[in-house]
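Notes follow the structure.
Just so it is clear, the model here is predicted, and its values are computed rather than measured.
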Amino acid sequence: MMSCKENCALASAAALEKAGIDVSLLNPVLEKYGNTEGSLITILQSAQEIYGYLPVELLNYIAIKTGVKPAKVLGVATFYAQFRLSPVGKYLIMLCQGTACHVNGSEGIETALCEELGIKEGETTPDGLFTLNNVACLGCCSLSPVMMINGETYGALTPAKAKEIIAEIRRKEAETK
């Protein structure tokens with residue numbers, strides 16, 4: 001008779017395989033940090049860097065491999081805003097909603113982006129190209145209102161300029177197809 005842990009491990013392996021998640025990419029991280037007290041956030045950060053997000057099947061695998069209860073792993077992954085439990089688009093748009101950006105019109109930028117993309121904040125376009133996330137501050141107050149797309153900063157935005165940036169990215173994507 002198998003133990004509960006063995007049953008969980010088998011169920012986790014089957015779920016990972018069904019989801020198409022290659023855990024061999026994460027195993028070196030787990031070997032390095034898996035037995036280190038207080039390393040769960042480091043492991044989750046590495047997992048997200050590898051897979052782009054944290055699928056629940058992977059969270060269960062991490063729990064089994066580290067001996068941390070699945071509820072705690074999920075609790076940490078949902079508590080910190082840096083972690084994503086669903087995939088993001090190829091282009092992650094982070095729109096600043098800090099004080100300077102808010103005062104200088106970030107709400108209008110958000111409305112324009114939502115119109116241009118056909119999504120709401122926190123969603124990903126059906127083609128998987130864009131995800132729009134509001135963030136508390138990007139630290140670029142002198143450029144407000146500002147957004148960052150995959151690490152590139154766009155400042156002094158207007159609704160029209162924000163839409164043009166998205167249209168330009170779409171044009172470049174169409175050219176590469």
Hey, does [Y] have a side-chain heavy atom less than 4.5 Å from the side chain of [X]?
| X | Y | result |
| --- | --- | --- |
| Val73 | Leu40 | yes |
| Asn60 | Leu74 | no |
| Phe83 | Thr78 | no |
| Pro55 | Ile21 | yes |
| Ile166 | Ile93 | yes |
| Leu143 | Leu138 | no |

For [X] against [Y], the heavy-atom pair lying closest together:
| X | Y | result |
| --- | --- | --- |
| Leu54 | Leu85 | O-CD2, 3.5 Å |
| Met147 | Leu113 | SD-CD1, 3.9 Å |
| Arg84 | Gly52 | NH2-O, 2.9 Å |
| Gly122 | Asn133 | CA-OD1, 3.6 Å |
| Cys101 | Pro145 | SG-CA, 3.7 Å |
| Ser39 | Tyr33 | OG-O, 2.7 Å |

Would you say [X] and [Y] are hydrophobically clustered, going by side-chain heavy atoms of ILVMFWY under 4.5 Å?
| X | Y | answer |
| --- | --- | --- |
| Ile169 | Leu92 | no |
| Val68 | Leu58 | yes |
| Phe130 | Ile165 | yes |
| Ile41 | Tyr51 | yes |
| Val56 | Phe79 | no |

Would you sort out whether Leu44 and Val76 count as a side-chain contact (heavy atoms from CB on, under 4.5 Å), showing the intermediate values? CA-CA 9 Å; Leu44 293 175; Val76 170; 3.7 Å; yes
Does Asn35 CG have over 12 foreign heavy atoms under 6.0 Å away? no
Around atom CD of Glu121, are there more than 12 heavy atoms from other residues, nucleotides or ligands closer than 6.0 Å? yes
Between Tyr53 and Val88, is the side-chain contact (heavy atoms from CB on, under 4.5 Å) condition met? List the steps. CA-CA 7 Å; Tyr53 73 109; Val88 294; 5.9 Å; no
Inter-residue atom distance [X].[atom1] - [Y].[atom2], 0.5 Å rounding:
| X | Y | atom1 | atom2 | value |
| --- | --- | --- | --- | --- |
| Cys96 | Met148 | SG | CE | 9.5 Å |
| Leu16 | Tyr61 | CG | OH | 7.5 Å |
| Leu132 | Tyr91 | CG | OH | 16.0 Å |
| Leu117 | Leu129 | CG | CG | 9.0 Å |
| Ile119 | Thr131 | CD1 | OG1 | 6.5 Å |
| Thr158 | Glu164 | OG1 | CD | 10.0 Å |

Mind running salt bridge (charged side-chain N to carboxylate O under 4.0 Å, His left out) on Lys90 and Glu173 for me, showing each step along the way? CA-CA 10 Å; Lys90 181 176 180 181; Glu173 281 293 319; 2.8 Å; yes
Taking [Y]'s backbone N and O only, do any of them form a donor-acceptor pair with [X]'s side chain (distance below 3.5 Å, no angle check)?
| X | Y | value |
| --- | --- | --- |
| Gln45 | Gln82 | no |
| Lys161 | Ile109 | no |
| Gln97 | Asn134 | no |
| Ser144 | Asn104 | no |

Should Glu116 and Arg170 be marked as a salt bridge (charged side-chain N to carboxylate O under 4.0 Å, His left out) after you check the CA-CA gap, both sets of side-chain angles, and the distance that decides it? CA-CA 11 Å; Glu116 182 70 18; Arg170 280 194 169 131; 3.7 Å; yes
Glu57/Lys18 salt bridge by N-O under 4.0 Å criterion: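 Salt bridge absent between Lys18 and Glu57.
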Stepwise side-chain contact (heavy atoms from CB on, under 4.5 Å) test for Ile149 and Tyr154: CA-CA 8 Å; Ile149 302 176; Tyr154 299 89; 3.9 Å; yes
